[in-house]
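Let me begin by presenting the structure, written as structure tokens, before commenting on it.
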Amino acid sequence: MSILSALLGVLFFLNLILAAVIIFLERKDAGATWAWLMVLFFIPFLGFILYLVFGQNLSRKRLFDWEDMKKIGIEGLIHNQIRSLKEHRFPFKNEIAFRYQDLIYMHLINNEALLTQDNEVTFYTHGEDKFEALLEDIEAAVDHIHIQYYIFKKDQLGMRILKKLTEKAKKGVKVRVLYDEMGSRRTRRGFFRDLLSAGGEVEVFFPSKIPFINLRLNYRNHRKLVIIDGKVGYVGGFNIGDEYLGLNPRFGYWRDTHLRIAGSSALAMQTRFILDWNQASRSKKISYDLRYFPPPSFTGDAGVQIVTCGPDSEWEQIKNGYIKMISSAKESIYIQTPYFIPDVSLLDSLRIASLTGVDVRIMIPNKPDHLFVYWATYSYIGELLKAGAKIYIYDNGFIHAKTIVVDEVISSVGTANIDVRSFRLNFEVNAFLYDQALSEGLGVVFRKDIEKSRELTLEDYHQRPLTIKVKESISRLLSPIL
């Protein structure tokens with residue numbers, strides 16, 4: 001008995017030492033630090049193993065190589081935009097972009113996100129519309145098709161898109177498919193056999209190096225990008241799977257938001273795809289050839305910045321963009337998100353906006369796809385209700401859109417949810433839109449969605465049963481590491 005006690009004592013001491021060395025020296029934020037300390041304290045040793053899988057820090061690792069971008073002049077374009085903004089001589093093409101040049105400057109400095117002003121942008125809220133447009137653009141491709149999804153399922157929609165990609169590959173179009181291993185964990189490489197035989201290429205992001213064990217399990221590539229011939233790009237919330245067409249009885253109708261961008265912002269998406277592809281590929285890396293960056297020839301006038309973030313970054317670029325947008329609001333803030341787990345900075349910015357009279361409205365689903373995340377969401381929603389924000393529960397199926405609209409003049413649509421995972425753990429991409437017509441259109445969509453939602457009042461929230469309050473408290477405690 002004394003030997004067992006001594007062994008347990010040694011293990012517990014080692015657990016504390018490892019916690020101190022790994023967590024405190026990595027300088028995580030206080031919330032995440034305390035959450036991991038709880039895990040290590042209540043499940044010693046096993047908790048440390050969990051930390052190795054879920055808690056490692058990628059911010060000091062160089063995952064993406066930007067050096068080749070110098071060959072096509074992107075670095076020079078970034079420096080020129082920064083310089084011209086600082087010297088107040090940037091050639092803005094619309095008044096909205098001019099008004100929000102501080103936000104544009106921040107994205108340039110923190111994320112090297114070029115502002116392009118020649119884009120034609122269409123947004124889709126129904127899966128059928130989005131995928132029909134995508135298939136039409138794939139059919140029209142003449143040089144290359146680059147596709148990146150978090151989820152690419154082996155079902156009717158997945159096979160339909162794969163069949164079209166294979167047809168284009170047989171005609172000589174270069175087709176590349178990149179998917180995330182965890183998001184597409186039921187998809188095997190054999191699914192792409194015909195595409196590979198036709199000359200297409202397929203890569204997996206952060207695959208398991210050891211069977212059934214993935215030490216990067218907690219860091220996933222959540223981006224959804226399609227770039228066709230360097231002229232048209234898609235970004236937004238839809239993955240590839242039948243449920244995104246509303247065919248999964250569990251979720252019912254799937255409400256999402258996705259963008260089709262014809263313009264120079266497609267080139268910014270191209271850059272991001274190439275970086276992700278080259279990180280995933282060992283032998284078939286893409287060179288920064290001009291075939292992938294054709295000269296702009298567009299007539300649109302929407303201002304767009306493609307902003308990315310990930311656990312390899314020191315800055316939380318998309319979250320910072322959200323906060324800057326919220327702090328600029330004078331009249332209204334509309335947010336649609338399946339998960340709402342903000343950190344203190346984002347929660348405070350929304351609370352302050354509401355307390356100063358801004359019409360803050362947030363729409364979340366009426367059903368969970370991740371229980372802990374769902375109850376943590378309700379915990380944070382309660383705080384905003386007290387500040388006067390309006391909360392809507394979407395009842396017409398499942399809302400998966402990641403959209404924020406401020407004053408109906410600027411907006412952001414992409415893959416990032418309002419949660420810690422999107423801001424710090426996943427690789428994400430959003431389009432920040434400086435266009436009043438687009439933002440007004442997204443505002444109209446939000447108000448139509450209200451008709452299919454019910455408002456959660458502060459009185460309703462206070463009447464929730466004790467069991468739900470307990471679930472909220474536990475989930476919120478763990479929210480920094482969910």
Side-chain angles (χ1 to χ4, degrees), residues 121-141 145-168 175 177-180 182-188 191-192 194-195 202 220-228 232-261 336-339 363-370 393-403 413-417 429 431 441-442 445-446 448-449 451-453:
V121 183
T122 306
F123 63 82
Y124 302 96
T125 59
H126 305 292
E128 295 89 346
D129 297 337
K130 181 259 179 172
F131 288 110
E132 285 301 323
L134 177 60
L135 286 165
E136 288 178 8
D137 283 326
I138 290 174
E139 176 61 33
I145 301 168
H146 290 161
I147 287 191
Q148 175 178 358
Y149 279 96
Y150 175 64
I151 297 173
F152 198 130
K153 285 195 172 181
K154 183 182 178 181
D155 55 18
Q156 291 183 4
L157 178 61
M159 289 187 286
R160 183 183 176 194
I161 291 177
L162 183 59
K163 180 181 178 182
K164 181 61 66 175
L165 293 174
T166 303
E167 290 174 0
K168 298 302 293 187
V175 177
V177 176
L178 174 63
Y179 64 91
D180 183 85
M182 285 306 301
S184 307
R185 54 189 173 275
R186 296 182 180 178
T187 302
R188 298 291 179 264
F191 174 56
F192 300 98
D194 290 344
L195 175 61
V202 179
R220 310 316 313 171
N221 198 319
H222 196 239
R223 295 170 183 143
K224 298 103 177 163
L225 291 171
V226 179
I227 306 94
I228 298 172
V232 174
Y234 284 80
V235 62
F238 285 107
N239 285 292
I240 295 179
D242 286 347
E243 67 262 42
Y244 301 97
L245 297 176
L247 300 179
N248 187 327
R250 177 188 173 192
F251 296 109
Y253 175 71
W254 191 277
R255 167 67 181 85
D256 220 320
T257 304
H258 217 94
L259 302 178
R260 177 188 186 272
I261 303 177
Q336 290 176 312
T337 178
Y339 320 120
M363 190 175 293
I364 58 174
N366 72 343
K367 60 186 71 175
D369 61 344
H370 301 289
I393 312 300
Y394 186 75
D395 283 329
N396 188 41
F398 186 75
I399 189 163
H400 190 251
K402 302 96 166 47
T403 305
V413 175
T415 69
N417 299 304
V429 57
L442 291 168
V445 168
F446 186 95
K448 286 184 178 178
D449 285 336
E451 298 173 4
K452 300 175 182 178
S453 307

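The figures here come from the full heavy-atom set of this structure, side chains too, leaving out hydrogens, waters and symmetry mates. Because the structure is predicted, anything quoted here is derived from the model rather than measured.
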Looking at residues at least two apart in the chain, or sitting in another chain, which of them share a salt bridge (Lys or Arg N to Asp or Glu O under 4.0 Å) with Asp180?
Arg220
Could you tell me the separation between the CD atom of Gln148 and the CG atom of Leu178, rounded to the nearest 0.5 Å?
4.5 Å
I'd like to know if the side chain of Asp395 and the backbone of Lys452 have a donor-acceptor N/O pair within less than 3.5 Å.
no
Any salt bridge between Lys130 and Asp256, counting N to O under 4.0 Å?
no
Tell me if a side-chain donor or acceptor on Tyr234 pairs with a main-chain N or O of Ala133 at a distance below 3.5 Å.
yes
Identified side-chain contact (heavy atoms from CB on, under 4.5 Å) counterpart of Ile147 within the set Ile228, Val226, Leu162, Val175:
Val226
The complete set of salt bridge (charged side-chain N to carboxylate O under 4.0 Å, His left out) pairs with one or both residues in residues 147-161, sequence neighbours excluded, reads Glu132-Arg160, Lys153-Glu243
Measure from the side-chain N and O atoms of Ser184 to the backbone N and O of Phe152, and report whether any donor-acceptor pair falls under 3.5 Å.
yes
Quick one, Ile364 with Ile393, criterion side-chain contact (heavy atoms from CB on, under 4.5 Å). Give me CA distance, side-chain angles, the key distance, then yes/no.
CA-CA 5 Å; Ile364 58 174; Ile393 312 300; 3.7 Å; yes
Between the side chains of Lys448 and Glu451, is the shortest nitrogen-to-carboxylate-oxygen separation below 4.0 Å, so that they form an ion pair?
no
With a 4.5 Å cut-off on side-chain heavy atoms, are Leu259 and Phe123 touching?
yes
Distance (rounded to the nearest 0.5 Å) between Phe446 CZ and Met363 CE
4.0 Å
Please walk me through it: do Asp449 and Thr125 pass side-chain contact (heavy atoms from CB on, under 4.5 Å)?
CA-CA 11 Å; Asp449 285 336; Thr125 59; over 6 Å; no
Nearest 0.5 Å please: distance from the CG atom of Asp129 over to the CG atom of Leu134.
12.5 Å
Decide yes or no for Ile138 and Leu165: does some side-chain heavy atom of the first lie under 4.5 Å from some side-chain heavy atom of the second?
yes
Ile151 side, atom CD1; Thr187 side, atom OG1 - distance, nearest 0.5 Å:
9.0 Å
Can any side-chain N or O of Thr415 pair as donor or acceptor with the backbone N or O of Val429 at less than 3.5 Å?
yes
Begin with the C-alpha distance, continue with both residues' side-chain angles, and end with the deciding distance and a verdict on side-chain contact (heavy atoms from CB on, under 4.5 Å) for Val445 and Arg255.
CA-CA 11 Å; Val445 168; Arg255 167 67 181 85; 3.0 Å; yes
Whether His400 side chain and Trp254 backbone form a donor-acceptor pair below 3.5 Å
no
Spatial distance of atom CG (Leu157) from atom CZ (Phe131) [nearest 0.5 Å]:
5.0 Å
Expected output: side-chain Lys168 to main-chain Ala141 donor-acceptor under 3.5 Å
yes
Quick check against the 3.5 Å criterion: does Arg186 have a side-chain atom that pairs as donor or acceptor with the backbone of Gly183?
no
Separation between CD of Glu136 and CZ of Arg260, rounded to the nearest 0.5 Å:
9.0 Å
Is there a donor-acceptor pair under 3.5 Å between the side chain of His258 and the backbone N or O of Phe238?
yes
State, to 0.1 Å, how close Gly158 and Ile240 come at their nearest heavy-atom pair, and which atoms those are.
CA-CG2, 3.7 Å
Which residues pass the ring pair (Phe, Tyr, Trp, His ring centres under 6.0 Å) test with Tyr179, sequence neighbours left out?
Phe192
Just checking, any donor-acceptor pair under 3.5 angstrom between side chains of Tyr149 and Asn239?
no
Taking all atoms of both residues into account, what is the closest heavy-atom pair of Tyr150 and Asn221, and its distance?
CD1-O, 3.2 Å
On a heavy-atom basis, the closest approach of Pro365 and Pro338 is CD-O, 3.4 Å
Using the rule given for side-chain contact (heavy atoms from CB on, under 4.5 Å), can you reason through Leu135 versus Ile161, listing the C-alpha separation, both sets of side-chain angles and the distance that settles it, and then say yes or no?
CA-CA 7 Å; Leu135 286 165; Ile161 291 177; 4.1 Å; yes
I'd like to know whether CD of Gln156 has more than 12 heavy-atom contacts from other residues, nucleotides or ligands below 6.0 angstrom.
no
